[in-house]
Amino acid sequence: MKDPQFKAIVWQTMAAIPPGKVATYGQIASLSGYPGHARGVGHILKKLPPETLLPWHRVINAKGEIALPAGSEGHQMQKQRLEQEGIHFQDDKIRLRLYQWDGIVSDQTPET
DNA sequence: GTTGTGACTACCA
DNA sequence: ATGGTAGCCACAA
C-alpha cells in the first residue's frame with residue numbers, strides 16, 4: 001500500500017514503547033495497523049536521523065537480537081542503550097522480551 | 001518506469 | 001531444530 005502515514009504511524013508506535021521493554025519489527029508493524037510490514041519498519045528505522053528522539057533501540061528482530069550487523073556502530077549503541085534500560089543480554093540476544101504497554105497485547109517469550 | 005537491496009517474518013522441508 | 005523460500009514495504013539508481 002502507499003500510505004504516506006505509514007512512516008508517521010510507525011514513529012508513533014515506536015515512541016510508545018516504554019523504557020525497559022522492546023518490540024519486534026513485526027509487532028511495530030501490527031500495532032501500527034500494518035501486519036506483515038516488518039521490513040518496511042526496518043527500512044524506516046534505517047532512515048531515521050541519528051539525532052532522532054525515537055526509541056529505535058527498543059526495536060529488535062523476531063529472534064530477540066539486534067537487527068543491525070554485529071560490530072556496526074548502531075549495534076553497539078543499541079545494545080548499550082538497552083542494557084542501560086535494564087534489558088539483560090545473553091550472547092547478543094535479549095533475554096527478556098516484554099511487549100506490553102498501554103494495555104496492548106503481549107507476546108510470549110520464545111524459548112523460555 | 002523497473003530492478004535490486006535491506007535494521008524482517010512466517011511458512012515449509 | 002536448522003535452513004531455504006516467498007511475501008512485504010520503502011528507497012536509490
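None of these values were measured; they are calculated from a predicted model. Heavy atoms only: backbone and side chains are in, while hydrogens, waters and symmetry mates are out. Proteins get letters first, then strands, A, B, ... in listed order; numbering begins at 1 in each.
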One pair to check against side-chain contact (heavy atoms from CB on, under 4.5 Å): A:Trp11 and A:Leu48. What are the steps and the verdict? CA-CA 9 Å; A:Trp11 287 345; A:Leu48 284 174; 3.4 Å; yes

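- Checking side-chain atoms of A:Glu83 against main-chain N and O of A:His88 turns up no donor-acceptor pair under 3.5 Å.
- Taking 4.0 Å as the cutoff to heavy atoms of chain A, we find the contact window on DNA chain B bounded by B:dG6 to B:dT9.
- For the side-chain contact (heavy atoms from CB on, under 4.5 Å) with A:Ile44, the qualifying choice from A:Ile9, A:Ile28, A:Val10 is A:Val10, the only one to do so.
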Which side-chain N or O atoms in residues 50-60 of chain A pair as donor and acceptor under 3.5 Å with protein atoms at least two apart or in another chain?
residue, atom, partner, partner atom, Å
A:Thr52, OG1, A:Leu54, N, 3.2
A:His57, ND1, A:Arg81, NH1, 3.2
A:Arg58, NE, A:Glu85, OE1, 2.8
A:Arg58, NH1, A:Ile17, O, 2.7
A:Arg58, NH2, A:Glu85, OE1, 3.2
A:Arg58, NH2, A:Glu85, OE2, 3.0

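- Evaluation of the side-chain hydrogen bond (donor to acceptor under 3.5 Å, both in side chains) rule for A:Lys93 yields A:Asp91 as partners, not counting sequence neighbours.
- In this structure a side-chain-to-backbone donor-acceptor pair under 3.5 Å is present from A:His37 to A:Pro35.
- Note that NE2 of A:His75 is 7.5 Å distant from CD of A:Gln78, once rounded to the nearest 0.5 Å.
- Interatomic distance, CG of A:Leu82 versus NZ of A:Lys21, reported as 14.5 Å (0.5 Å rounding).
- The side chain to side chain contact (heavy atoms under 4.5 Å, CB included) test applied to A:Ala38 returns A:Tyr25, not counting sequence neighbours.
- The list of salt bridge (charged side-chain N to carboxylate O under 4.0 Å, His left out) pairs with a residue in residues 27-41 of chain A, not counting sequence neighbours, is empty.
- With sequence neighbours excluded, no residue satisfies side chain to side chain contact (heavy atoms under 4.5 Å, CB included) with A:Gln80.
- Rounded to whole angstrom, the span from the CD1 atom of A:Ile9 across to the P atom of C:dA10 amounts to 11 Å.
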Show the distances under 3.5 angstrom between N or O atoms of the protein and N or O atoms of nucleotides 5-7 of chain C.
residue, atom, partner, partner atom, Å
C:dG7, O6, A:Arg39, NH1, 3.3

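- Of the candidates A:Ile87, A:Asn61, A:Ile66, A:Ile94 forms a side-chain contact (heavy atoms from CB on, under 4.5 Å) with just one, namely A:Ile87.
- The stretch residues 43-55 of chain A comes close to DNA chain C through A:His43, A:Lys47, each having a heavy atom under 4.0 Å from the strand.
- A heavy atom lying under 4.0 Å from DNA chain B marks the following residues of residues 67-85 of chain A, by number: A:Ala67, A:Leu68.
- C:dC8 atom P lies 22 Å from atom NZ of A:Lys7, rounded to whole Å.
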